[in-house]
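Just so you know, these numbers use all the heavy atoms, side chains as well, and skip hydrogens, waters and symmetry mates.
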Protein chains: 2
Amino acid sequence: MRIGELSERTGTPRRLLRYYEEQGLIVADRSANGYRDYDEFFVDRVMQIRGLLDAGLPTRIIRQILPCLDKPRIIHFPDATPEMIATLEHERDRMTERVNCLIRNRDAIAEYLDAVRTDDRPLESTTAS
Amino acid sequence: MRIGELSERTGTPRRLLRYYEEQGLIVADRSANGYRDYDEFFVDRVMQIRGLLDAGLPTRIIRQILPCLDKPRIIHFPDATPEMIATLEHERDRMTERVNCLIRNRDAIAEYLDAVRTDDRPLESTTAS
DNA sequence: TCGAACCCTCACATTGATGTGAAGGTCAAG
DNA sequence: CTTGACCTTCACATCAATGTGAGGGTTCGA
């Protein structure tokens, strides 16, 4: 598929798809005329990238961890340098911290919403009746 | 405490503490000479802010949700407009998505690390012996 | 063959979170 | 009373992610 379709299917501006490529997050084939040609696979990949970006990871880190997340893992063993391992462990831990922080605050929001709702209901029904 | 101590205790540059104030995330008292004067409470608050920023939330959103997360919740009921509720619900759901994305990818990293480690061990012991 | 709808690269603009430093006030210790 | 370590505001700089548009090529249908 070409960039327009990938853009629509992932809800990502073309500009950003080119940017992700420039950052080394995706590598697109080119057809004869120079147009980018994406495999079906990139729909998921782009969503994954966007999710990680949205969760606060910079492209630099995403570029490092993406190759380790592919399914046929056998290929990726050789390039596992000690520094890479250390980086991954560090990022894994940072992600866990992020998760905890998000859960804590999300639950607080949820709790607040519950409290507001159960408190508002009588008022609402008063107004409604 | 003054800004220097808060900065050290939270690992946050003074510049950013002033920035968070400018963004309405924290409101500091002023002592007679104009210096910012922070309560003990702000140590936790700043950590919370940093965690949320690190998790990808912009200050604009953090400013909206912070007031709902304070303990004496009774005070905050009145200002719960329908739009605010909708915003909070939306953010709560976005945070859940972020959590899921982070967990998915973190677990993939962890799995990769496990795989690499169990595969490397024999080689390491060979080199070590 | 022309126009619409794609695609390309290049480049400058913006926004949010930060870094950095200037110019100056406060205060405690020497 | 001066020096050093704080603090103040203001302003300009940077970086990453993103917006926007110019200038130009490709493809396809009318």
Side-chain angles (χ1 to χ4, degrees), chain A residues 1-39 42-43 45-66 87 91 94 97-98 101-102 105, chain B residues 1-39 42 45-66 87 91 94 97-98 101-102:
Chain A
M1 85 192 74
R2 284 176 305 178
I3 201 170
E5 186 181 342
L6 184 61
S7 168
E8 274 191 12
R9 289 179 60 184
T10 61
T12 308
R14 284 149 241 250
R15 171 72 175 88
L16 288 188
L17 294 175
R18 301 198 183 99
Y19 175 68
Y20 299 153
E21 180 175 330
E22 187 184 310
Q23 297 301 305
L25 305 187
I26 52 185
V27 185
D29 284 0
R30 298 297 179 123
S31 28
N33 54 14
Y35 290 7
R36 269 162 263 254
D37 182 29
Y38 297 97
D39 187 89
F42 284 99
V43 176
R45 168 114 312 184
V46 169
M47 301 293 267
Q48 184 181 30
I49 291 170
R50 302 220 94 201
L52 290 171
L53 277 173
D54 180 66
L57 281 81
T59 56
R60 175 177 40 87
I61 299 297
I62 298 177
R63 176 173 49 245
Q64 288 189 292
I65 68 180
L66 270 188
T87 302
E91 286 308 317
R94 271 175 59 79
E97 283 168 27
R98 264 184 268 249
C101 178
L102 278 169
N105 286 285
Chain B
M1 86 191 74
R2 285 175 304 177
I3 201 171
E5 187 181 342
L6 184 60
S7 169
E8 274 191 11
R9 289 178 59 186
T10 61
T12 308
R14 283 148 243 250
R15 170 72 174 88
L16 287 188
L17 294 175
R18 301 199 182 99
Y19 175 67
Y20 299 154
E21 180 174 331
E22 189 184 309
Q23 297 300 306
L25 304 187
I26 51 184
V27 185
D29 284 0
R30 297 297 180 124
S31 27
N33 53 17
Y35 290 9
R36 269 163 262 255
D37 182 29
Y38 297 97
D39 187 88
F42 284 98
R45 169 115 308 188
V46 168
M47 301 293 267
Q48 185 181 29
I49 291 171
R50 302 222 93 204
L52 291 171
L53 277 173
D54 180 64
L57 281 80
T59 56
R60 174 177 40 87
I61 299 296
I62 298 178
R63 176 174 49 245
Q64 288 189 293
I65 68 181
L66 270 187
T87 302
E91 286 308 318
R94 270 176 59 79
E97 282 168 27
R98 262 185 268 248
C101 177
L102 280 170

Legend entry - Heavy-atom side-chain proximity of Leu66(A) to Ile26(A) below 4.5 angstrom: no
Legend entry - Note: Glu91(B)-Arg60(B) ion pair, threshold 4.0 Å (strictly below): no
Inset, instruction - Figure out the CZ/C1' separation between Arg14(B) and dG19(C), and round it to whole Å. - result: 14 Å
Inset, instruction - State, yes or no, whether a side-chain contact exists between Phe42(B) and Met1(B) at a heavy-atom distance under 4.5 Å. - result: no
Legend entry - For atom CD of Glu8(B) and atom C1' of dC6(D), their distance in whole Å: 12 Å
Inset, instruction - Could you identify which residues of residues 18-33 of chain B place a heavy atom less than 4.0 Å from some atom of DNA chain D, listed by residue number, or say none? - result: Arg18(B), Arg30(B)
Legend entry - d(CG, Leu17(A); P, dA17(D)) in whole Å: 15 Å
Legend entry - Approximate separation, where rounding is to 0.5 Å, of Asp37(B) CG and Ile3(B) CD1: 11.5 Å
Inset, instruction - Determine: side-chain N/O of Arg36(A) to OP1/OP2 of dC7(C), distance under 4.0 Å, yes or no. - result: no
Legend entry - Closest listed nucleotide, where the reference is the side chain of Arg2(B) and the choices are dC7(D), dC8(C), dG19(C): dC7(D)
Inset, instruction - Check whether any side-chain heavy atom of Val46(A) sits under 4.5 Å from a side-chain heavy atom of Tyr38(A), and report yes or no. - result: no
Inset, instruction - Check whether any side-chain heavy atom of Arg36(B) sits under 4.5 Å from a side-chain heavy atom of Arg30(B), and report yes or no. - result: yes
Legend entry - Distance, rounded to the nearest Å, where Arg15(A) contributes CZ and dC7(C) contributes C1': 16 Å
Inset, instruction - Side-chain contact test, heavy atoms from C-beta onward, threshold under 4.5 Å: evaluate it for Leu102(B) versus Leu57(A) and give yes or no. - result: yes
Legend entry - Set of ring pair (Phe, Tyr, Trp, His ring centres under 6.0 Å) partners for Tyr35(A), sequence neighbours left out: none
Inset, instruction - Nearest whole angstrom, please: distance from the P of dT18(C) to the CG of Leu16(B). - result: 5 Å
Inset, instruction - Check DNA chain C against residues 45-60 of chain A and give the residues with a non-hydrogen atom under 4.0 Å, in numerical order. - result: none
Legend entry - Leu25(B) CG to Arg45(B) CZ distance, which is reported to the nearest 0.5 Å: 9.0 Å
Inset, instruction - Return the value, rounded to whole Å, for the distance between atom CD1 of Ile61(A) and atom P of dA17(D). - result: 11 Å
Legend entry - Asp37(B) CG - dT8(D) P separation (whole Å): 10 Å
